[in-house]
There are 2 protein chains.
Amino acid sequence: MATTTRSAERARLTYFPQLAAERLDIALCRASAAVARAADTHAAEEGLGVGQHLVLQMLDAVGPCSQQTLSEELRIDRSVMVSVCDDLERAGHVRRERNPRDRRSYAVTITDTGRRRLVEAQTSVPAFLDDAFHALTPEERGQLSTLLGKLLGVGA
Amino acid sequence: MATTTRSAERARLTYFPQLAAERLDIALCRASAAVARAADTHAAEEGLGVGQHLVLQMLDAVGPCSQQTLSEELRIDRSVMVSVCDDLERAGHVRRERNPRDRRSYAVTITDTGRRRLVEAQTSVPAFLDDAFHALTPEERGQLSTLLGKLLGVGA
DNA sequence: CGCAGATCGTTTGACAGCAGATGATTTTTG
DNA sequence: CAAAAATCATCTGCTGTCAAACGATCTGCG
């Protein structure tokens, strides 16, 4: 009975159950943090940051964009978008040309290299998602997606 | 037809639909960020940080704890816990006494002031949650809670 | 006892995310 | 047309989070 306090505490608790029961907000944050971490390590292995991936994906889908548009659509801060584009440009995945119509903005364009890189990375995403959400069945993932959609205000 | 590029871009897009459709991880992060922000502003109005609230709640529920135990159970980094406890102590909500059994650790104890403060803050939490998750019905919140629980590994 | 290793609280340094200021350019307005 | 306001990309500074290092203390082993 030498070790009193700590082991007594520990015995009574397993991650303070009240939290999981009541505070949905905190559960949400924890889950988000977990998958975000997984996404980051996945991205690191892939050699392409999450933001970079999204930018490439969007450029490939909708064509050249200003950094502003990329920012707004992808919900990435303008300041951050600068360095994301810096990295992509340095890697040759993207070209930055001044938009001739409005020389304040860039026309960020995906290169062929970038497109190839995107295809590469793209294929591994479903596998990553499968891994990150392996605790949920496909139906449950659908549920979750719907719920999060409502929470984020689908149309807003 | 002076405004070409930007409006054309904007017309085609509303927050890059591919994302919401495919990447469950990103939807999760966005939702989490939204409610976290809401929680922070709520906490700011309440005058009691989220971490501080949790610490008081746990101390009230299970009695004196070491910062270590608080850290682990509440999933707050030890480094952060230091300043959380500093703030609580400065406000008189908590006392820090050295544990006589192990003088490395503290026995963090909630004071009567802290207990009163907790009751005050406690009552406003359900209202906040109701507001933050007003887009979901009670059943949907239950679903979400279950799903997040699975995702976090209920017992692990 | 005496020393090696672990543990607790704290400090430090690195890094992402965001608000606000700046400079270049465009658009609007008198 | 010229001055004022707006917009785009960028830079700077602040905050919060996390990892690693550090002193103090405890435990285990010879």
Side-chain angles (χ1 to χ4, degrees), chain A residues 1-7 9-10 26 29-30 32-34 36-37 39-41 43-44 49-52 54-55 64-90 94-108, chain B residues 1-7 9-10 26 29-30 32-34 36-37 39-41 43-44 49-52 54-55 64-90 94-108:
Chain A
M1 63 162 150
T3 54
T4 45
T5 315
R6 252 176 53 91
S7 42
E9 287 170 12
R10 194 59 40 83
I26 291 179
C29 288
R30 294 222 201 301
S32 165
R37 175 166 305 217
D40 279 345
T41 61
V50 177
Q52 301 180 31
L54 293 179
V55 168
C65 284
S66 68
Q67 292 185 191
Q68 180 74 6
T69 308
L70 289 168
S71 269
E72 291 173 6
E73 290 294 325
L74 299 176
R75 316 296 210 119
I76 297 174
D77 196 85
R78 295 174 311 177
S79 325
V80 178
M81 185 58 72
V82 173
S83 54
V84 171
C85 287
D86 282 349
D87 294 341
L88 284 173
E89 192 176 33
R90 199 174 307 119
V94 138
R95 264 196 317 272
R96 266 200 276 215
E97 293 145 0
R98 284 287 174 186
N99 182 343
R101 306 250 187 202
D102 183 345
R103 299 224 309 283
R104 290 172 301 186
S105 63
Y106 285 126
V108 184
Chain B
M1 62 163 150
T3 54
T4 45
T5 316
R6 253 177 50 93
S7 43
E9 287 170 13
R10 194 60 40 83
I26 292 179
C29 288
R30 293 221 204 301
S32 164
R37 173 166 309 217
D40 278 346
T41 61
V50 177
Q52 300 179 32
L54 294 179
V55 168
C65 283
S66 68
Q67 293 184 191
Q68 181 72 8
T69 308
L70 289 167
S71 269
E72 290 173 8
E73 290 293 324
L74 298 175
R75 315 297 210 125
I76 297 174
D77 197 87
R78 293 178 310 178
S79 325
V80 179
M81 185 57 72
V82 173
S83 54
V84 172
C85 288
D86 282 349
D87 294 342
L88 285 173
E89 191 177 32
R90 201 173 307 120
V94 141
R95 264 196 317 272
R96 267 201 274 216
E97 293 145 0
R98 284 287 175 185
N99 181 345
R101 307 248 188 203
D102 183 345
R103 299 221 310 283
R104 290 171 301 184
S105 62
Y106 286 129
V108 184

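Naming: A, B, ... by sequence-line order, numbering from 1 per chain.
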Any residue meeting side-chain contact (heavy atoms from CB on, under 4.5 Å) with B/A39, in chain and number order, not counting sequence neighbours:
A/D25, B/V50, B/F128
A/R98, CZ: over 12 other non-hydrogen atoms inside 6.0 angstrom:
yes
Set of residues satisfying side-chain contact (heavy atoms from CB on, under 4.5 Å) with respect to B/R96, sequence neighbours excluded
B/Q67, B/C85, B/D86, B/E89, B/Y106, B/V108
Check this for me: does any side-chain nitrogen of one of B/D87 and B/R90 sit under 4.0 Å from a carboxylate oxygen of the other?
yes
Atom pair distance, as rounded to whole Å: CD in A/Q68 and P in D/dA6:
15 Å
Of A/V55, A/L74, A/L70, the one forming a side-chain contact (heavy atoms from CB on, under 4.5 Å) with A/C65 is A/L70
Going 5' to 3' along nucleotides 10-26 of chain D, which nucleotides have protein heavy atoms under 4.0 Å from the base (write B), which only from the sugar-phosphate (write S), and which from neither (write -)?
BB-------BBB--BBS
